[in-house]
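Computed over heavy atoms, backbone and side chain alike; hydrogens, waters and symmetry mates excluded. Residues take their numbers from the sequence shown, with the count starting at 1.
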Amino acid sequence: MNPDLEGLDLLEMLDLLQMPPDPAPVPYTPQTAGWLVVGAVALLLLVLALWRLVRWWRGNAYRRAALAALQDAGDDPARIASVLRRTAIAAYSREEVARLYGPAWLAFLDRSFHGSGFAEGPGQVLAVAAYRPGTPADPALPGLAAQWVRKHRRTAR
């Protein structure tokens, strides 16, 4: 035992203790190059995901415009037919869509979203609506048209 501490009681010895120094602060920067690589890859993936999201959002702007136009069209079959035609031209090539009319047009609409509501259902009126103003529409036609706008598959250009 240390001779300087002889004769001291426990409380006096505790008073002689000194606090250890504070440790160095922990840095927030990565300590190894591996974490820098992981961070760079994560940042690259985030930028890529954001770029794809913006591209998808811009690529579907025609759908949002078509849905707004369908709201304005109400249940008028001639206006609905016009909106569907413009939407199809925006999504597909003009050469593929512009020449279609009658049953071929209705078959194209059914084929492009894997349904049968145009050729065999309430969409049949679209084949003649542009030529016969005032043609009454089935109440299900606006819903069918909106479903086509949301669900059809675009072709790559």
Requested in this report: Start with the C-alpha distance between Asn60 and Arg64, add both sets of side-chain angles, then the distance that settles side-chain contact (heavy atoms from CB on, under 4.5 Å), and finish with yes or no.
Outcome: CA-CA 7 Å; Asn60 283 313; Arg64 292 187 298 278; 4.0 Å; yes

Query raised in the report: Any cation-pi pair here, Arg85 with Trp105, using under 6.0 Å and within 45°?
Result: yes

Report task. Please examine the side chains of Arg79 and Leu70, heavy atoms only from C-beta on, and report whether any two atoms are closer than 4.5 Å. Result -> no

Report task. Would you please indicate yes or no on a ring centroid separation below 6.0 angstrom for Tyr62 and His152? Result -> yes

Query raised in the report: Does the side chain of Leu14 reach to within under 4.5 Å of the side chain of Leu17, using non-hydrogen atoms?
Result: yes

Requested in this report: State, yes or no, whether a side-chain contact exists between Phe113 and Arg153 at a heavy-atom distance under 4.5 Å.
Outcome: no

**Report entry** Non-hydrogen atoms of Pro142 and Gly74 that approach each other most closely
**Finding:** CG-O, 3.6 Å

Query raised in the report: Can you tell me how far the CG atom of Leu126 sits from the CG atom of Asp138, to the nearest 0.5 Å?
Result: 10.5 Å

Requested in this report: Could you check if a side-chain atom of Arg58 sits within less than 4.5 angstrom of a side-chain atom of Val54, using non-hydrogen atoms only?
Outcome: yes

Report task. Kindly give the heavy-atom pair with the smallest separation between Ala88 and Phe108, and that separation in Å. Result -> CB-CE2, 4.0 Å

Requested in this report: Would you give the length of the straight line joining atom CD1 of Ile89 to atom CG of Leu84, rounded to the nearest 0.5 angstrom?
Outcome: 11.5 Å

Report task. Nearest 0.5 Å please: distance from the OG1 atom of Thr87 over to the CD1 atom of Ile80. Result -> 11.5 Å

Query raised in the report: Do you know the tightest heavy-atom contact between Gly117 and Leu144?
Result: O-CD2, 3.2 Å

Report task. Taking the side chain as every heavy atom from C-beta outward, state whether Leu109 and Leu100 have any pair of such atoms under 4.5 Å apart. Result -> no

Query - Sidechain-backbone polar pair: Ser82 side chain, Ala78 backbone, donor-acceptor under 3.5 Å - result: no

Report summary line: Here the gap from Arg111 atom CZ to Ser116 atom OG, rounded to the nearest 0.5 Å, amounts to 13.5 Å

Query raised in the report: With a 4.5 Å limit on heavy-atom distance, are the side chains of Trp51 and Trp56 in contact?
Result: no

Query raised in the report: Do the rings of Tyr92 and Trp148 sit parallel, tilted or perpendicular, given the 30° and 60° boundaries?
Result: tilted

**Report entry** Smallest separation among heavy atoms of Arg63 and Lys151, with atom names
**Finding:** NH1-N, 4.0 Å

Query raised in the report: For the atom pair CG (Leu8) and CG (Asp15), what is the distance rounded to the nearest 0.5 Å?
Result: 10.0 Å

Query - Asp9 side-chain N/O to Glu12 backbone N/O, donor-acceptor pair under 3.5 Å - result: yes

Query raised in the report: Does Arg52 count as lying over the ring of Trp57, i.e. NZ or CZ under 6.0 Å from the six-ring centre, within 45 degrees of the axis?
Result: no

Report task. Could you tell me the separation between the CD atom of Glu120 and the CG atom of Leu106, rounded to the nearest 0.5 Å? Result -> 10.5 Å

